[in-house]
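Below is one structure, written out as structure tokens, with a few remarks after it.
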Amino acid sequence: MDKKNKTWGPLILSLVIILASTLLAWSVDTSSGKVDVKLVDFIGEDGRVIHGRIYIPKGVTSDNPAPGVVFVHGGDASSDKYSMFSVEFSRRGYVVLSVDQRGQGFSEGPSETPMMVPVYGNTGPEALHYLRTLDIIDLNNVACVGHSMGGAACAYATEKYPDDYSAIVMLGAEPSEGSTSVPRNAATVQGWDDGQLVEGSSILPAFVGVEKIKDIESGKVYGSIAEGTAHVVYFVNTVHNAEYIHPTVISHTLDWIQKTVPAPNPISPSNQVWVWRYIGSTIALGGAIFFMIALGGLLLQTSYFKGLAEPLPEFKGNKGKGWWVSAILTAVIGPATLFYFHNLTAKAPAIWPFARITGIMGWTVLVGVITVVLYFLSRSLGKGLKETTTDNLGLTWKLKLDWKKIGKSLLLSLCIIASTYLLVAIVYNVFQVDLRMWNEGLRLMTLRRVGYAFQYVIPFMLAYLAIAANLHGLLRPKEGKASFGKELLSNILIMSPWYYIWMIWWGPFAYLKTHPAGPPFAGGFMHHWFFAFVPVMLMWTVISTYFYRKTGKVYVGAFLNAFFVCWVILAEQMLASFVLP
């Protein structure tokens, strides 16, 4: 590395940002050292390993046991993602066991999907049973809390062990119609798009003993807490996928558990600090993106990789009105096709066993194909791109593929992503905190998931090459003369925010209040997930733009983004049931 030109400052700054923000998240997670957070593994009913996080307040021992809370996350998630509940319960004196459902996070698979009858109750019964084996638990005061599939898991747990709990909260879930028992001191929280809000549904009315949904009073306790017959429904103004980070939902949950399972350290439900953990982990995630960029910049100064650093190619892309037409098409193709293409391709073959991820991969590839088709149509129908070559698109060197440089670009991206993974591993093992923002996060993966990531990554790479060539080769603002900052802003505006257009479902037409499952073309739960695409595409655009400006080619950015996106979306997803015997 040329000592005169090397710049370590950005890399050091990125590490300082990650350390400081992770310390903030850790401090909240542990209530400033008043709670011990431990990673635990235990054996499930079928001999597979179930992973979890256990929060133990200081002073809790076998001689001084505390009330316990089992928390089970929703589908395609992990115990880390739902840390806010563990934080709030543990600072109130409860011992909290938050588990990764089987086949998700660090727990061994297969997972039990919403479309199947669960043999193991979505891990809920196993978690409740394990918690009760701990001698630090007051066995007369145990609660179960879960969101979505996790709420169902808690319902299964209370059915299997009807005498082993004191209260239950089901967030975005409810007892099944075939339930064989009436849950003790049970609460359910229902958002706008939760299925039981459809007029005519019988489950919620039966739950509280009224005739119709409109007869239910939100927050009213039906029955007696003292007798164990209390039931309550809370209606909240939020969507299913945001229920677990909604302060009102968390407040209702804390309030109900404190009423039914008295807290050793009672605190008002409105007094919540978990948001600071999420602020810390969000900043840490941004620091990780900064780390990738800073490390990549340093590596491009080394003697081995410096040959990849080339000037930007001559701009021969879209201009004038053609630029605006192409920019608008690029901006809307992804959001407009997301649901249809995802549903079309969301399968789980053995090579790609995560149906939702396979659907996202299929959508990405089809968007890449459309991008290529539109490029050739533009060349054949107009004069604007007649002189554009693959050199101008950042794909070739003197109209030829330089496989040595492409290989080095792949190696550089691998070095960056591997170094980032090592950094995340160090942070997680020291602080037990992952780097995340809402649904998106950088979390350690099991070796099995790492293997699957490499099986998914090639289609993403190919699609991202086409998408990046269009963005950087044809849509650079000011005919390719814009500064890095202006180009980055332009690219972000093109690639990132337009997925939020689907929020119209929650707008003045209140579509989801009468159609909780969303429009017919938005199946597969993607109407819960489109929110996540905006921050992911923002990070994608930052990485792609930076490395294009550094190398004059699209390869490093496309390869690195493929690894990054596969990491983000594969770390927690449900493993299809047929993958493991």
Side-chain angles (χ1 to χ4, degrees), residues 11-41 50-60 69 71 73 77-92 94-100 104-107 244-245 250 272-292 294-295 416-447 449-450 535 539 564 567-568 570-572:
L11 186 69
I12 294 172
L13 179 58
S14 71
L15 294 173
V16 170
I17 290 171
I18 292 171
L19 176 61
S21 55
T22 300
L23 279 171
L24 172 61
W26 173 84
S27 177
V28 177
D29 220 27
T30 63
S31 292
S32 299
K34 297 177 183 177
V35 174
D36 288 329
V37 181
K38 301 178 183 295
L39 306 180
V40 297
D41 293 312
I50 305 298
H51 177 79
R53 298 164 63 87
I54 189 165
Y55 290 65
I56 306 174
K58 295 291 187 182
V60 175
V69 176
F71 189 90
H73 62 77
S78 69
S79 53
D80 296 278
K81 180 177 175 179
Y82 284 75
S83 61
M84 65 289 295
F85 290 93
S86 300
V87 166
E88 294 300 337
F89 279 123
S90 62
R91 65 190 284 256
R92 288 165 172 79
Y94 299 95
V95 174
V96 185
L97 172 65
S98 182
V99 296
D100 289 352
Q104 302 182 54
F106 294 136
S107 291
Y244 68 96
I245 58 168
I250 296 171
Q272 301 176 24
V273 300
W274 63 269
V275 68
W276 290 104
R277 192 218 196 253
Y278 256 49
I279 289 173
S281 63
T282 297
I283 295 173
L285 177 59
I289 303 301
F290 187 18
F291 174 82
M292 291 185 199
L295 179 61
I416 295 170
I417 206 70
S419 298
T420 307
Y421 192 90
L422 176 61
L423 177 62
V424 171
I426 293 171
V427 168
Y428 194 80
N429 282 281
V430 174
F431 299 106
Q432 286 82 53
V433 172
D434 60 353
L435 284 58
R436 85 164 45 251
M437 180 181 71
W438 195 7
N439 288 311
E440 303 75 44
L442 296 179
R443 189 177 195 257
L444 297 184
M445 294 192 289
T446 63
L447 288 176
R449 288 178 184 271
V450 171
M539 292 182 278
F564 169 69
W567 181 5
V568 169
L570 275 164
E572 299 170 334

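In this text, all values refer to a predicted model and were calculated from it rather than measured experimentally. For the single chain, residues carry numbers from 1 onward in sequence order.
- A donor-acceptor contact closer than 3.5 angstrom links the side chains of Asp41 and His51.
- Here the closest non-hydrogen pair linking Asn429 and Ala425 is ND2-O, 2.7 Å.
- Although no hydrogens or angles enter the test, the distance criterion places a donor-acceptor pair under 3.5 Å between the side chain of Thr30 and the main chain of Trp26.
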Determine whether Leu97 and Val69 satisfy the following criterion, side chain to side chain contact (heavy atoms under 4.5 Å, CB included), listing intermediate values before the conclusion. CA-CA 6 Å; Leu97 172 65; Val69 176; over 6 Å; no

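- Atom CD1 of Ile245 is separated from atom CE of Met437 by 10.0 Å, given to the nearest 0.5 angstrom.
- The shortest heavy-atom contact between Ser419 and Leu295 is CB-CD2, 3.4 Å.
- Here the closest heavy-atom approach between residue Ile18 and residue Ala284 is recorded as CG1-O, 3.8 Å.
- The side-chain heavy atoms of Leu570 and Met445, taken from C-beta on, include a pair separated by under 4.5 Å.
- In this structure, the side chains of Leu15 and Leu19 stay at 4.5 Å or more apart for every pair of heavy atoms.
- Inter-residue side-chain proximity for Met292 and Phe564 is flagged as met; some heavy-atom pair is nearer than 4.5 Å.
- Note that OG of Ser78 is 9.0 Å distant from CD of Gln104, once rounded to the nearest 0.5 Å.
- In this structure the side chain of Ile50 reaches within 4.5 angstrom of the side chain of Ser107, judged on heavy atoms.
- Taking all atoms of both residues into account, the shortest heavy-atom contact from Arg443 to Trp567 is O-NE1, 2.8 Å.
- Atoms CG and CD1, from Leu39 and Ile54 in turn, are 11.0 Å apart once rounded to the nearest 0.5 Å.
- Classification of Glu440 and Arg436 as a salt-bridged pair fails, no side-chain N sitting under 4.0 Å from a carboxylate O.
- Taking CE from Met84 and CD from Glu88, the interatomic distance works out to 9.5 Å, rounded to the nearest 0.5 Å.
- Looking at heavy atoms from C-beta onward, Leu442 lies in side-chain contact with Leu285 at the 4.5 angstrom threshold.
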Phe290 and Leu11: side chain to side chain contact (heavy atoms under 4.5 Å, CB included), yes or no, with the steps? CA-CA 8 Å; Phe290 187 18; Leu11 186 69; over 6 Å; no

Start with the C-alpha gap between Tyr55 and Phe89, add the side-chain angles, then the distance that decides, and say whether side chain to side chain contact (heavy atoms under 4.5 Å, CB included) holds. CA-CA 9 Å; Tyr55 290 65; Phe89 279 123; over 6 Å; no

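- Residue Arg449 comes nearest to Ala571 through the heavy atom pair CD-O, 3.7 Å, listed as atom of the first residue, atom of the second, then distance.
- A heavy-atom distance below 4.5 Å is found between the side chains of Val60 and Val95.
- Using a cutoff of 4.0 Å between basic side-chain nitrogens and carboxylate oxygens, Arg53 and Asp80 are scored as salt-bridged.
- Ring-plane geometry between Phe106 and Tyr428 is classed as perpendicular, the angle between the planes exceeding 60 degrees on a 0 to 90 degree scale with a lower cut at 30.
- Ile283 contributes atom CD1, which lies 14.5 Å from atom OH of Tyr278 (distance to the nearest 0.5 angstrom).
- The OG atom of Ser86 sits 7.0 Å away from atom CZ of Phe71, with the distance rounded to the nearest 0.5 Å.
- Applying side-chain contact (heavy atoms from CB on, under 4.5 Å) to Arg277 and the options Thr282, Leu24, Val28 leaves one that passes, Val28.
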Between Leu444 and Tyr421, is the side chain to side chain contact (heavy atoms under 4.5 Å, CB included) condition met? List the steps. CA-CA 7 Å; Leu444 297 184; Tyr421 192 90; 3.7 Å; yes

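- Remark: Lys81 does not engage Asp100 in a salt bridge, criterion side-chain N to carboxylate O under 4.0 Å.
- Shown here for Asp434 and Ser281, the closest heavy-atom pair between the two residues is O-CB, 3.7 Å.
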